[in-house]
Amino acid sequence: MYPEKSIYLPQVATITKANMMTKVDRYFEFELEGGKDLGHKPGQFAEISIPGIGEAPISISSSPNLKGKFEMVIRNVGVVTNALHNLSVGSTVGVRGPYGTHFPMEKLKGRDLVFVSGGIGLVPMRSAIHYALENRKDYGRIMILFGARDITQRLFVDELAAWSKQSDIEFLETVDVGNPDWKGNVGVITTLFSKIKDFHAANTTAFVVGPPVMYKFVIVELFKMDMSKSNIIVSLERHMKCGVGKCGHCQINRVYVCQEGPVFALDAISELREAI
Amino acid sequence: MDFMQISKKDFQKFVENLIQSKEEVVGVVKKGKHFAYDILEKSEQLCLDYTETILPPKKYFLPVEETLLKYKTGVASSYEATYGKSPKVIIGIHPGDMAAIALLDKSFSEGEKDSHYLNKRANSTLIGIYPTQSFPHRFSNSMIEKDAYKAADCFLVDLGNDYGIEVVTEKGKKIASAMKAVAGEKGLNEKIAQAKAKIKDEVSMPFSRRELSEFLHNKETHAEWKKRAEKCFSCGSCVLVCPTCYCFDVKDTVALSLQEGERKRMWDGCMLEKFANVAGNHNFRKLAGDRLKHRIFRKGKYIIDKFGMAGCVGCGRCSQACVANIASPVDIVQELKK
């Protein structure tokens, strides 16, 4: 027998908290057996599975500093995610990972950070935002831009409210479609950029995570603000079915997203025509 | 590399003994007008004088469908890895298919090691044979360079009444001694070289594989992809028969009792319409032209750049299998070159 154990064999995790955040997005807190840490870095993902249903790649939403547990927000869009929505606290799932590249938080010490998330893009972004806030003195300005389709699609609403009040965070939020109850900005996420004052492109790193359609528009806006490709970091969505660089589903041109992504510096992928 | 030889009669005797020893022995057999790899029940079935098999021998290491894990339904603590079996010996692999196995070996051992594949692979001894018949679509000589020797344990070469044997590995040495092959008489090397050169490819790639990768570099937006793909049915025949395609899907299947189930991997292919789908039904390779381009780039560029090995071994099966007659890598490259 080949000595290595199966790379497809999951660990066991228990759901310790679960609640609906929107009509389709459910928040989960998981604990691994024995209270072990998942050992992830901000921006990585894991494969979550239910025996008899299947497996799906899900972004990790918590900071690595949250010890003994990890958080995810899972949108009900397929067979596995639908089944996950039907599990209750105390249920167990399989977990493989963490997999993929991460936001290079260590290397960005001393820089201004602007986090641009659209919709469910906030879920992986939150792991980096939390990390930056936990190490607040290591970074310059922290700007958080968040756009949701409408007010029912907003995620982590308590945290959004807290960030908007925190004096060491510049928080800007918008919804694509307004509502009489909504007193904030209305418009797509790119309309927020003009509201940032005294932006220093050379000292800023931008993080961009959102639905496929968002990237082009946000990146053009960042270029207008003199941001260079090497200072723009994106996380791209693909179906990382195996997570270990074999199955081919997540491939963008020559790149396996589960290995060389999902977090990329924009200059590293600008020659990949299928990327954005 | 050692050169040995054995009479065809003695070789058949060896195969018969192997079958009698209750080990699973696989070889090329004739099925109607076609050829296929199958389990040998008697040595007469083995047919080493063949054009090309319908499917490559890949299926013994990466089966069409394979159980990775077993479990009790809904019980995450019950996951258990399972490992399939592979034949003890596979006889009659052409150099192209052998080079394809070398690529699979590389892919499944590079980075995260896939023990499901590697276990099966380690269990088998591979006996190749140089083609004795031409196959109209084959262009292996343009593609495989020396890769076949990275997977083969030994190669047979048809010398009329005898087989010449190129012994490649320790396993190859062991099996050659088990078949009582004898050290080559004087001039055997030359005889083998002549016999190997007898069957020439009827088509060829206009580039070496290094050049092919460079040639494709700026061909991503070429009009040929869209034009050619207008005839594509997205049926996946080209990827189904391909010896170097190793992409797969993973699915859970539950037993009738609903109490237990299996996580299986099954062949999948980038030419199928939904291959690059993500949640919310967004498809990153929606157009058939983009899928065709991806397939050719994988074969002719990405894999060559990544592993330094051919992503296409020129077996010609895709050219033959394609319903719309658009899959031939040689034809595509010729068009791109115009």
Side-chain angles (χ1 to χ4, degrees), chain A residues 1-14 33 47 49-57 75-81 83 87 91-95 99 120 211-213 236-256 259 271 273-275, chain B residues 68-83 107-108 110-122 220-221 245-254 258 260-261 263 265 268-270 275-282 284-285 290 294 297-298 301-303 305-306:
Chain A
M1 279 283 265
Y2 203 79
E4 314 278 336
K5 78 168 204 186
S6 172
I7 50 179
Y8 306 103
L9 190 66
Q11 309 185 60
V12 181
T14 305
E33 267 184 325
E47 301 278 348
S49 65
I50 303 176
I53 305 291
E55 200 172 41
R75 179 164 289 180
N76 184 350
V77 282
V79 178
V80 177
T81 51
L87 292 182
S91 302
T92 56
V93 298
V95 179
Y99 292 124
I120 201 166
V213 62
L236 300 181
E237 183 190 9
R238 290 296 186 278
H239 194 160
M240 290 81 92
K241 223 161 212 174
C242 74
V244 288
K246 314 289 183 208
C247 83
H249 282 268
C250 68
Q251 209 173 354
I252 299 176
N253 297 97
R254 64 176 163 76
V255 165
Y256 280 80
Q259 303 289 292
E271 84 335 328
R273 300 189 66 90
E274 293 180 343
Chain B
L68 300 174
L69 305 174
K70 285 186 174 170
Y71 49 73
K72 292 194 178 79
T73 312
V75 185
S77 60
S78 68
Y79 280 124
E80 196 187 322
T82 69
Y83 298 94
S107 165
F108 284 105
E110 183 104 339
E112 301 256 12
K113 293 188 178 6
D114 189 309
S115 47
H116 300 270
Y117 173 91
L118 294 168
N119 266 324
K120 288 201 279 298
R121 187 57 187 88
E220 269 202 85
T221 52
C245 275
Y246 56 84
C247 289
F248 56 84
D249 194 6
V250 181
K251 277 185 182 149
D252 279 29
T253 56
V254 175
L258 303 181
E260 50 197 23
R263 184 154 302 151
R265 76 163 146 211
D268 203 347
C270 62
F275 185 78
N277 251 31
V278 299
N281 214 21
H282 186 89
F284 284 98
R285 235 173 270 123
D290 290 343
H294 184 70
F297 267 67
R298 232 186 109 94
K301 180 163 182 61
Y302 304 149
I303 288 177
D305 293 351
K306 186 172 178 185

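Chain letters run A, B, ... following the sequence lines, proteins first and then strands; every chain starts at 1. Everything numeric in this text was worked out from a predicted model, so none of it was measured.
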Q. Considering only heavy atoms from C-beta outward, does the side chain of A/N253 approach that of B/Y302 to under 4.5 Å?
A. yes

Q) If you tally heavy-atom pairs under 4.5 Å against chain B, which of A/T92, A/I53, A/I252 wins? A) A/I53

Q: Tell me yes or no: between the side chains of B/D268 and A/H249, is some donor less than 3.5 Å from an acceptor?
A: yes

Q | Residue B/F284 versus chain A: region with a heavy atom under 4.5 Å | A | side chain

**Q.** From A/C247 atom SG to B/Y246 atom OH, the distance as rounded to the nearest 0.5 Å
**A.** 10.5 Å

(Q) Please enumerate all residues that pass side chain to side chain contact (heavy atoms under 4.5 Å, CB included) together with B/K306, with sequence neighbours excluded. (A) A/Y256

Q: With a 4.5 angstrom heavy-atom cut-off, could you sort out which part of A/Q251 is near chain B: side chain, backbone, both or neither?
A: both

Q | Most chain A-contacting option - heavy-atom pairs closer than 4.5 Å, from B/G261, B/A81, B/A279, B/G74 | A | B/G74

Q) A/C250 versus chain B, heavy atoms under 4.5 Å apart: side chain, backbone, both or neither? A) neither

**Q.** Inter-residue atom distance A/Y8.OH - B/R263.CZ, 0.5 Å rounding
**A.** 12.0 Å

Q.
Any heavy-atom pair between the side chains of B/T221 and A/R273 that's under 4.5 Å?
A. yes

(Q) Can you see whether B/Y83 engages A/S6 through a side-chain donor-acceptor pair at a distance of less than 3.5 angstrom? (A) no

Q. So which part of A/V244 gets closer than 4.5 Å to some heavy atom of chain B, the side chain, the backbone, both or neither?
A. both

**Q.** Partner chain A: residue of B/K251, B/K72, B/H282 with the largest heavy-atom pair count (under 4.5 Å)
**A.** B/H282

**Q.** Residue pair B/E220 / A/E271: nearest heavy atoms and the distance that separates them
**A.** OE2-O, 4.4 Å

Q | Distance in Å, A/K246 NZ paired with B/Y117 OH, rounded so as to fall on 0.5 Å steps | A | 11.0 Å

Q: Compare every heavy atom of A/G248 with every heavy atom of B/C247, then report the nearest pair and how far apart it is.
A: SG-CA, 3.6 Å

Q: Give, as side chain, backbone, both or neither, the part of A/T14 having an atom under 4.5 angstrom from any heavy atom of chain B.
A: neither

Q: Would you mind telling me which of A/A13, A/G52, A/P51 has the largest number of heavy-atom pairs within less than 4.5 Å of chain B?
A: A/P51

Q. Which region of B/V254, side chain (C-beta onward) or backbone (N, CA, C, O), has a non-hydrogen atom less than 4.5 Å from a non-hydrogen atom of chain A, or is it both or neither?
A. side chain

Q. Hey, what do you get for CG (B/L69) to CD (A/E55), rounding to the nearest 0.5 Å?
A. 8.0 Å

Q) Quick check: are there more than 12 heavy atoms from other residues, nucleotides or ligands sitting under 6.0 Å from CD of B/E260? A) no

**Q.** Inter-residue atom distance A/L9.CG - B/Y71.OH, 0.5 Å rounding
**A.** 13.0 Å

(Q) Return the CD1 to OG1 distance between A/I50 and B/T73, rounded to the nearest 0.5 Å. (A) 11.5 Å

Q. Mind checking whether B/D305 and A/R254 have side chains closer than 4.5 Å, heavy atoms only?
A. no

Q. With chain B, which of A/V255, A/I7, A/V12 has the greatest number of heavy-atom pairs at distances under 4.5 Å?
A. A/I7

Q) Which bit of B/E110 is near chain A, if near means a heavy-atom gap under 4.5 Å: side chain, backbone, both or neither? A) backbone

(Q) So for B/R298, is it side chain, backbone, both, or neither that comes closer than 4.5 Å to the heavy atoms of chain A? (A) side chain

